[in-house]
Amino acid sequence: MRIAINGFGRIGRAVLRQIALDPRHDDIEVVTINDIAPLETLAYLFKYDSTYGPFPGQTDASQSFLTVQGRKIRFTQISEASRLNLVGIDLLLDCTGKANTPRQAAAGLGAGAEKILISGPCEGADVTVVLGANDDILTDQRVVSNASCTTNAIAPILRLIDETHGIFRGHVTTVHCYTNSQPLVDGPRGSLPRSRAAAQSMIPTTTSATSLTAHVLPQLVGRLTGAAIRVPTVSVSCIDAVLTLETPMEDDGLTWLREVVDASPVLGWIDDPVVSTDMRARPESLIVSGSETILNDGFQLRLFGWYDNEWGFSARMIDVARRMIPESSA
């Protein structure tokens, strides 16, 4: 599979790290990286990462190429995806965070890409896909949204529970590390709380995951509410959900939950009493914490799980890419 990455920020760089370091992805060729920032700066940020540490392999930048593990990747600085040269590209990974409208979402098609996968919510996509939740609807669509990190974390486990026990009502809170959408010192943003310094306070705010989950699991429309708290940590977030079930789980309900989680290709389970930094660079969409998940009287389930909102989401980008270009599946 020949891919291009448009936008070499947190997700774009995490995707390339995973492709470069995992031999299972040797069949994926990153042909082009496009970003408006200078190559020297981006190469430095790829090599030295404050969250994941220095890149453990070989990397170099010169003459409009980023070389990673001996592979040369063409680098361009073009602001409009429609002006890129994507002829021969099987899939464009749009990681800019700006592909929101139908025109922006599909711009890479006119530049020559066969298909596009967008690293975030996008109303202009042909379909929004969450692996483990609604990926059965993925066929030959050309513009696909990978939803959000939190939607990827919560939707697969909600589907498993709803299909078996039914979810009557539920509330989902994501305790989420801060992101570059927030200021480091107080400064105007669209939301008043999000205008406050990200590294100094816990900040109650909203999450798109509630509406996106209802979009990918329409059977749950009207049954879920959600909220977010942005906290002063740099990576790894968690889900804290309270669900009222339609049919009760038996006393061994958590045993059943662990079995279905273990059988899922995108979920994980841990019994150890860990903290967020222990979950850094985990590839699962959600790692359910057995020690923090509580079943009350069969009908009320407190579900708690960790997710690396950058690394896990980037792993799903690669998985969905393989589903979109099936002949490349490892």
Side-chain angles (χ1 to χ4, degrees), residues 130 132-133 147-178 202-210 212-213 217 220 223-246 248-313 315-316:
V130 173
S148 71
C149 56
T150 302
T151 310
N152 274 267
I154 194 62
I157 191 72
L158 289 181
R159 176 178 178 175
L160 290 172
I161 295 171
D162 187 56
E163 286 181 342
T164 307
H165 293 87
I167 297 174
F168 178 68
R169 291 285 187 272
H171 179 80
V172 178
T173 299
T174 172
V175 183
H176 201 291
C177 61
Y178 62 79
M202 295 186 290
I203 299 174
T205 185
T206 58
T207 174
S208 64
T210 309
L212 284 170
T213 299
L217 297 175
L220 294 181
R223 290 192 271 164
L224 288 177
T225 56
I229 303 172
R230 293 291 181 99
V231 295
T233 55
V234 73
S235 72
V236 182
S237 303
C238 68
I239 291 292
D240 194 345
V242 178
L243 308 174
T244 301
L245 307 178
E246 292 178 340
M249 289 185 178
E250 303 299 330
D251 292 340
D252 61 349
L254 295 187
T255 300
W256 168 84
L257 186 62
R258 177 170 187 161
E259 290 174 351
V260 298
V261 165
D262 286 343
S264 169
V266 298
L267 300 175
W269 184 282
I270 190 165
D271 285 313
D272 293 341
V274 297
V275 297
S276 60
T277 54
D278 301 321
M279 297 291 98
R280 191 168 295 174
R282 288 285 294 259
E284 299 95 332
S285 298
L286 183 73
I287 305 102
V288 178
S289 173
S291 61
E292 296 292 336
T293 296
I294 303 168
L295 181 62
N296 180 23
D297 197 30
F299 283 97
Q300 181 176 279
L301 177 68
R302 188 260 181 148
L303 179 72
F304 186 93
W306 303 99
Y307 62 109
D308 187 322
N309 45 285
E310 292 179 347
W311 200 261
F313 182 80
R316 296 296 81 74

For Ser264, enumerate each residue passing the side-chain hydrogen bond (donor to acceptor under 3.5 Å, both in side chains) test, keeping only those at least two apart in sequence or located in another chain. none

For Arg230, all residues meeting salt bridge (charged side-chain N to carboxylate O under 4.0 Å, His left out), sequence neighbours excluded: none

Taking atom types as modelled and ignoring hydrogens, do the side chains of Ser148 and Thr151 form a donor-acceptor contact shorter than 3.5 angstrom? yes

Minimum heavy-atom distance between Thr174 and Ser237, given as atom pair plus value: OG1-CB, 4.5 Å

Looking only at heavy atoms, which two atoms of Met249 and Leu301 are closest? And how far apart? CE-CD2, 4.0 Å

Note: Ser235 and Asn309 closest approach over all heavy atoms is C-OD1, 4.3 Å

Can you tell me how far apart OG (Ser285) and CD1 (Ile239) are? Round to the nearest 0.5 Å. 11.0 Å

Taking side-chain hydrogen bond (donor to acceptor under 3.5 Å, both in side chains) as the definition, give me every residue that meets it alongside Asp240, ordered by chain and number, with sequence neighbours left out. Arg302

Using the side-chain hydrogen bond (donor to acceptor under 3.5 Å, both in side chains) criterion, which residues pair with Thr207? Sequence neighbours excluded. none

Please name all residues satisfying side-chain hydrogen bond (donor to acceptor under 3.5 Å, both in side chains) with Thr205, sequence neighbours left out, ordered by chain then number. Arg194

Heavy-atom pair with the smallest gap, counting every atom of His171 and Ala227: CE1-N, 4.0 Å

How close do Ala133 and Leu217 get, counting heavy atoms only, and between which atoms? O-CD2, 3.8 Å

Quick check: does any side chain N or O of Asn152 sit under 3.5 Å from a backbone N or O of Val130, one acting as donor and the other as acceptor? no

Return the CG to CG distance between Leu303 and Leu257, rounded to the nearest 0.5 Å. 6.5 Å

salt_bridge(Glu246, Arg223) N-O dist < 4.0 Å: yes

Less than 4.5 Å apart, any side-chain heavy atom of Tyr178 and any of Val234? yes

Roughly how far, to the nearest 0.5 Å, is the NE2 atom of His176 from the CD1 atom of Ile203? 13.0 Å

Which pairs of donor and acceptor atoms, one on a side chain in residues 266-274, lie under 3.5 Å apart (sequence neighbours left out)?
| residue | atom | partner | partner atom | Å |
| --- | --- | --- | --- | --- |
| Trp269 | NE1 | Asp271 | OD1 | 3.0 |
| Asp271 | OD2 | Arg258 | NH1 | 2.3 |

Measuring from Leu243:CG to His165:NE2, what's the distance to the nearest 0.5 Å? 12.0 Å

Checking Asp308 side chain against Glu310 main chain: does a donor-acceptor pair fall under 3.5 Å? yes

Nearest 0.5 angstrom please: Asp262 CG to Glu259 CD, how far? 8.0 Å

Does any N or O in the side chain of Arg282 come within less than 3.5 Å of the main-chain N or O of Trp306, such that one atom is a donor and the other an acceptor? no

Any side-chain heavy-atom pair from Val172 and Thr210 closer than 4.5 angstrom? no

Minimal non-hydrogen separation, Cys177 against Thr233, with atom names: CB-O, 2.9 Å

Would you check, one step at a time, whether the test side-chain contact (heavy atoms from CB on, under 4.5 Å) holds for Trp311 with Val236? CA-CA 9 Å; Trp311 200 261; Val236 182; over 6 Å; no

In this structure, CZ of Phe304 is separated from CG of Leu286 (nearest 0.5 Å) by 9.5 Å

Report the C-alpha distance between Ile167 and Ile161 in whole Å, list the side-chain angles of each, state the deciding distance to 0.1 Å, and finish with yes or no for side-chain contact (heavy atoms from CB on, under 4.5 Å). CA-CA 7 Å; Ile167 297 174; Ile161 295 171; 4.0 Å; yes

